[in-house]
Structures are given as C-alpha cells and as structure tokens.
Chemist: 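One structure, pasted below without further comment.
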Amino acid sequence: MIDISSAIKNTISISLFNRGMAGKVFEEVKRSGSKVVMKNNAPECVLMAPDEYVRLMDEVNDARLLALAVSRLEHFDPKELISGEDVYRELGITAEDIADCDEVEFE
C-alpha cells in the first residue's frame, strides 16, 4: 500500500513559486530528495536534487544495457562468430599495428 502521508509531504503547490518561496522549496528538495509540483490539482513536474537525477539516469542506463546484453545472449549463435584474425585481415590490421597501440583498460 502506498504511504499517503509520504505522498502528501512530497507534494507542493505551484503557487509557492508564485509567492516567491522557491528558495524554501529548493531547501525542502535538498532535505527530502524530491517534490511533486502540483498545478490545478494535477502533477505538473518533479523537482529533485541533481545527484539524485544522475543516480536515477545511471540506473536507467544500466537497465537498458542489461536488457541489450540479455537480448544479445538470447540470440547468440556461436556459428556466426568471426575470429579476431579474420577481422584484422579484412580491415588490414597487422600484428605490428596492434603492438604499437597502448594498453586498453576495461572496468
């Protein structure tokens, strides 16, 4: 069940901005993490701290990458693999070209 008191505490009226209380609203956002701004009894927008927005976007991007990886694994066919040597040959890359490259570090 949704916590109604939490929903009420995190909802503010757009009229607070019209009354010059934006600074107070922003302080509340810093404390609580986010606020839903209401206009004419309907949600108009969500205010949140930049760090929280970045965290949420990172989570969304991670979910998209995971979905892509799962899809690729589901459709993986080892018979369609191309060897590194074949790719290098097709692109004209030699062993000397690779030796001249810096090491690449993956996270």
Side-chain angles (χ1 to χ4, degrees):
M1 184 172 151
I2 296 175
D3 181 5
I4 300 299
S5 65
S6 175
I8 293 171
K9 289 176 186 173
N10 289 319
T11 304
I12 59 168
S13 171
I14 191 93
S15 64
L16 290 177
F17 288 96
N18 297 337
R19 293 183 197 147
M21 299 178 72
K24 180 181 176 193
V25 171
F26 295 147
E27 285 302 317
E28 287 182 33
V29 168
K30 285 181 186 176
R31 276 196 315 275
S32 70
S34 64
K35 292 284 183 190
V36 176
V37 180
M38 304 293 285
K39 181 178 179 182
N40 299 324
N41 296 324
E44 184 71 14
C45 69
V46 175
L47 297 175
M48 66 178 61
D51 290 344
E52 179 66 5
Y53 177 78
V54 168
R55 187 192 68 74
L56 287 172
M57 289 298 99
D58 285 345
E59 203 170 301
V60 167
N61 288 330
D62 288 348
R64 287 179 180 156
L65 289 172
L66 177 60
L68 178 61
V70 167
S71 173
R72 287 179 177 176
L73 286 172
E74 288 172 349
H75 300 98
F76 173 72
D77 182 0
K79 292 179 236 156
E80 294 181 10
L81 290 178
I82 303 171
S83 72
E85 291 80 17
D86 289 344
V87 172
Y88 296 155
R89 188 172 30 261
E90 185 176 323
L91 297 174
I93 298 172
T94 65
E96 292 79 26
D97 294 332
I98 295 171
D100 290 340
C101 293
D102 294 332
E103 280 290 316
V104 176
E105 189 173 314
F106 293 97
E107 291 183 13

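Please read these numbers as outputs of a predicted model, since none were measured by experiment. In what follows, every heavy atom counts, from backbone to side chain, and hydrogens, waters and symmetry copies are set aside.
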Chemist: Measure the spacing between CD1 of Ile12 and CD of Glu44 and express it to the nearest 0.5 Å.
Modeler: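 Answer rounded to 0.5 Å: 11.5 Å.
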Chemist: Checking Asp97 side chain against Thr94 main chain: does a donor-acceptor pair fall under 3.5 Å?
Modeler: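 Checked: pair present.
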Chemist: Is there a continuous path of hydrophobic side-chain contacts, each under 4.5 Å between heavy atoms, that joins Val29 to Val36?
Modeler: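 No, Val29 and Val36 fall in different hydrophobic clusters.
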Chemist: Please go through Leu91's hydrophobic cluster and name the other residues, only I, L, V, M, F, W, Y counting, with side-chain heavy atoms under 4.5 Å joining them.
Modeler: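 Via sub-4.5 Å side-chain contacts, Leu91 links to Ile82, Val87, Tyr88, Ile93, Ile98.
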Chemist: Please tell me whether Leu66 and Leu73 are part of a single hydrophobic cluster in this structure, the criterion being side-chain heavy atoms less than 4.5 Å apart.
Modeler: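 Different clusters.
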Chemist: Are more than 12 heavy atoms, taken from residues, nucleotides or ligands other than Tyr53, located less than 6.0 Å from that residue's OH atom?
Modeler: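 Incorrect, the count does not exceed 12.
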Chemist: Rounded to the nearest 0.5 Å, what's the gap from NZ on Lys35 to NZ on Lys30? Could you check?
Modeler: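 Rounded to the nearest 0.5 Å, the NZ-NZ separation comes to 14.0 Å.
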Chemist: More than 12 heavy atoms of other residues, nucleotides or ligands under 6.0 Å from CG of Asn40: is that the case?
Modeler: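 Check fails, neighbour count at 12 or below.
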Chemist: Does Asp77 CG have over 12 foreign heavy atoms under 6.0 Å away?
Modeler: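 Yes.
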Chemist: Check the hydrophobic clustering (I, L, V, M, F, W, Y; side-chain heavy atoms under 4.5 Å; chains of links allowed) and say if Leu68 and Val60 are grouped together.
Modeler: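 The answer is no; the residues belong to distinct hydrophobic clusters.
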Chemist: Return the CG to CD distance between Leu16 and Glu28, rounded to the nearest 0.5 Å.
Modeler: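 With rounding to 0.5 Å, CG (Leu16) is 7.5 Å from CD (Glu28).
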Chemist: Report the residues that fulfil side chain to side chain donor-acceptor pair (under 3.5 Å) with Ser15, sequence neighbours left out, ordered by chain and then residue number.
Modeler: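 For Ser15, the residues satisfying side chain to side chain donor-acceptor pair (under 3.5 Å) (neighbours in sequence not counted) are Ser13.
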Chemist: Can you pull the side chain to side chain donor-acceptor pair (under 3.5 Å) pairs that have at least one residue in residues 62-71, sequence neighbours excluded?
Modeler: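 As it turns out, there is no side chain to side chain donor-acceptor pair (under 3.5 Å) pair with a partner in residues 62-71 once direct neighbours are skipped.
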Chemist: Could you check whether Glu59 pairs with Arg55 (Lys NZ or Arg NE/NH1/NH2 to Asp/Glu carboxylate O, under 4.0 Å)?
Modeler: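 Yes, Glu59 and Arg55 are salt-bridged.
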Chemist: Are any of the side-chain heavy atoms of Met38 and Pro43 separated by less than 4.5 Å?
Modeler: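 They are in contact (side-chain heavy atoms under 4.5 Å apart), so the answer is yes.
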Chemist: With side chains defined as the heavy atoms from C-beta onward, is the minimum distance between Asp86 and Glu90 less than 4.5 Å?
Modeler: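 When only atoms from C-beta onward are counted, Glu90 and Asp86 do not touch, as no gap falls below 4.5 Å.
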Chemist: Quick check: do Leu47 and Val37 have side-chain heavy atoms less than 4.5 Å from each other?
Modeler: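 The answer is yes; the side chains approach within 4.5 Å.
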